[in-house]
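Scroll down for the structure; my scribbles are underneath it.
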Amino acid sequence: MSSEGSNEPGAGHSSPFTAAPGGELRSVDEHLREVLAVVEPLTPYEQPLLDAVGLSLVDSVRAPIDLPRFTNSAMDGYAVRHLDVAEARDDRPIHLPVVGESAAGQAGPLGMPPGTSMRIMTGAALPAGADCVVPVEWTDAGAAAVRIYASPTPGQHVRLAGDDVTAGDDLLVAGTVVGPREIGLLAGVGIARVRTRPRPRVVVLSTGSELRDPGQPLGFDSVYDANSYLLAAAVRSAGAIPYRVGVVGDDPRTFSDALSDQLVRADLVVTSGGVSKGVYDVVKDVLSRLGTVRFVEVAMQPGKPQGIGRIGEDRTPIVTLPGNPVSAYVSFEVFVVPALRRMMGKQPERRPLVQATLQGSLRSVPGRRQFLRARFAIDHDGASVRTAGGTGSHLLGGLARANALIVVPEDTTAVADGQQVSVLVLDREL
Ligand code: AMP
Ligand code: MG
């Protein structure tokens, strides 16, 4: 872990740096490095194919067999020897006896002597002695004998063994995230199980004595707990498994107990609230006493107060996010998503940013990396983005109108209409 003393907020450019009284802000990149250093790729295990969807392969996969496995027909028709039918014409059909039938799934190899044909179905093995297939449409579809009105070229309508995949080929490289096409390929070459890194189990806990669970009555100044739902949903969107804990009040004892109860099932704990400078900031209060969680102020907006460390016997990683819903969510996207990707062995750990044309202009605070709520769209003119949803970190309604975050660098104070900006597109793999 890096030390507070090595922070260089605002270094490398001359913009005024708005340090919090009594402490320096640490850069987003440095905080992210520390978050990534606290989590490790999870131990891989073997699982059935369908459970691996969305996860990353630990091992490269080689083809155990050829695809097609055996030479077979691409059409329903008649297996023939090209030499026997080369002269077939509409007005001079070739007449051949039909000596048998090759259907898909039929056991045992078949063969046919010269001057004969064999009925064959799509996917059925080509009999020894045949070298092409006459589609049934080019024949009279005869049963005991067949009239053939046109000749295929040698090898036509035949799928050769190994022409798609050859046994021993590298099929998928380690790190590939398995989707439908990869699953299809693995199943197609007969692989039933693969080693992947598992989905991290993430305990999500929100703190605040004012919080009530949705569906419960509200008191005069109570607030529905949006964060544990928002964050649990974000955990699931990232491919991990959320365990949403109900609301925990701002009481140190209750919070400690709730946390210890949850640790057994967590690969990562994410909390919201209680990390600012208030008197009832229970997360900071309890966890700073442990000495294994560090609370810092990050040069970003929203999401300044952050905490990162480990807790409990197993030294379970914990990320403590601020309580304002937008701050919690943006911090999750910036710090927790890369952590989850790292735990799942996904590369790159940081989701790539997309360049888009800014519609309208924007201003930004110097010395902070701003994550501005925005609407991102792709049309015939390319990718564009405009700010949307307001800037207050309590604006849940506004957040739901955004589908992206414009990332404004620390040293940028204004961006004009039509300029290119970096965008973190939400809820979408890019
Ligand atoms: P805190 O960081 O605990 O001081 O919370 C900052 C602000 O966010 C307060 O107005 C809280 O009421 C609000 N807040 C904290 N947690 C939640 C939550 N889980 N859902 C909705 N609002 C919250
Ligand atoms: Mg609070």
Partners passing side-chain hydrogen bond (donor to acceptor under 3.5 Å, both in side chains) against [X] (at least two apart in sequence or in another chain):
X	result
Glu182	none
Ser288	none
Ser206	Asp225

Residue pairs, two or more places apart or on separate chains, that pass ring-ring contact (aromatic ring centres under 6.0 Å, His included) and touch residues 198-232: none
If you define the side chain from C-beta out and look only at heavy atoms, does anything of Asp251 sit under 4.5 Å from Val282? no
Is it the case that over 12 heavy atoms from other parts of the model lie below 6.0 angstrom from the CZ atom of Arg69? no
Does Arg289, at its CZ atom, have more than 12 non-hydrogen atoms belonging to other residues, nucleotides or ligands within less than 6.0 Å? yes
Report the residues that fulfil salt bridge (Lys or Arg N to Asp or Glu O under 4.0 Å) with Arg401, sequence neighbours left out, ordered by chain and then residue number. none
Checking [Y] against [X]: is there a side-chain donor and acceptor pair closer than 3.5 Å?
X	Y	answer
Gln156	Thr153	yes
Thr196	Gln47	yes
Asp66	Thr166	no

Residue pairs fulfilling salt bridge (charged side-chain N to carboxylate O under 4.0 Å, His left out) with at least one residue in residues 183-200, sequence neighbours excluded: Glu46-Arg193, Asp59-Arg195
To the nearest 0.5 Å, atom CZ of Arg294 lies from atom CZ of Arg26 at 5.0 Å
Decide, yes or no, whether a salt bridge links Arg368 with Asp411 under the criterion of side-chain N to carboxylate O below 4.0 Å. no
Run the side-chain hydrogen bond (donor to acceptor under 3.5 Å, both in side chains) check on Gln370 and Gln301 step by step: do they pass? CA-CA 5 Å; Gln370 282 244 346; Gln301 205 175 48; 2.3 Å; yes
